[in-house]
Amino acid sequence: RSEWESQLSSFRNGHRTLERNRYKFPSDWLYLEKVEGEWSAMSEVHARKDQLLKNEIPHLQERIMVEDQAVDKKVKEVTADWAKNKPLEGSLQPSVAMDRLTVFESKLSRLHEESTRVMQAKRALDMDVSGGD
């Protein structure tokens with residue numbers, strides 16, 4: 001933002017120098033007042049949006065925490081399910097064992113995607129991402 005302000009200041013100085021030297025501006029010249037007015041309007045819009053975002057961040061952080069807890073709960077459920085149903089029985093048909101493994105792989109893949117999305121959201125909102133991903 002300061003780069004834009006620096007450029008605006010440079011334009012302002014140049015414009016005033018030209019005015020002092022009675023330069024005849026072309027008909028399509030972008031006058032200083034117009035540029036400053038547009039800059040002011042854009043700055044106000046930016047400030048409002050920035051304030052809205054700052055007001056919304058706590059709500060977003062709360063939603064992400066709820067999602068994080070839900071993912072943790074799902075991980076614990078899948079871990080418990082795996083402990084009970086992993087295909088270790090010697091009498092189990094290979095096709096049934098492969099089906100179970102495929103189901104668990106699918107569940108773990110979805111959980112990994114959900115966990116990754118939650119971690120990315122936490123990073124974006126400057127939240128603590130400890131707990132592993």
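Throughout, numbering of the chain's residues begins at 1 and tracks the sequence. No experiment lies behind these values; they were computed from the predicted model shown.
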One thing to verify: whether [Y] and [X] come together as a salt bridge, which I'm taking to mean a side-chain N less than 4.0 angstrom from a carboxylate O.
X: K122; Y: D68; value: yes
X: K76; Y: D72; value: no
X: E36; Y: R12; value: yes
X: E114; Y: R110; value: no

Rounded distance [0.5 Å steps], [atom1] in [X] versus [atom2] in [Y]:
X: F11; Y: Y31; atom1: CZ; atom2: OH; answer: 10.0 Å
X: L108; Y: T79; atom1: CG; atom2: OG1; answer: 7.5 Å
X: I64; Y: R123; atom1: CD1; atom2: CZ; answer: 12.5 Å

Measuring only between side-chain heavy atoms, which start at C-beta, is [X] closer than 4.5 Å to [Y]?
X: E3; Y: Q7; value: yes
X: L53; Y: K49; value: no
X: L32; Y: R16; value: yes
X: K73; Y: E77; value: yes
X: H15; Y: F25; value: yes
X: M65; Y: M127; value: yes

Side-chain donor/acceptor pairs under 3.5 Å, residues 85-99, sequence neighbours excluded:
{"from": "N85", "atom 1": "ND2", "to": "D81", "atom 2": "O", "distance (Å)": "3.4"}
{"from": "N85", "atom 1": "ND2", "to": "D81", "atom 2": "OD1", "distance (Å)": "2.3"}
{"from": "E89", "atom 1": "OE1", "to": "R100", "atom 2": "NH1", "distance (Å)": "3.4"}

| Within 45 degrees of the axis of the six-membered ring of F104 and under 6.0 Å from its centre: does K107 put its NZ or CZ there? | yes
Problem set entry | Verdict with supporting geometry, Q51 and N55, side-chain contact (heavy atoms from CB on, under 4.5 Å) | CA-CA 6 Å; Q51 188 59 43; N55 292 342; 3.1 Å; yes
Got a donor-acceptor contact below 3.5 angstrom from the [X] side chain to the [Y] backbone?
X: S43; Y: W39; result: yes
X: S106; Y: T102; result: no
X: S115; Y: L111; result: no
X: N21; Y: T17; result: yes

Practice prompt. Evaluate whether atom CD of E56 has more than 12 neighbouring non-hydrogen atoms of other residues, nucleotides or ligands under 6.0 angstrom away.
Written response: yes
Is [X] linked to [Y] within one hydrophobic cluster, defined over Ile, Leu, Val, Met, Phe, Trp and Tyr using a side-chain heavy-atom separation of less than 4.5 Å?
X: V129; Y: L125; result: no
X: V103; Y: V75; result: no
X: L60; Y: M119; result: no

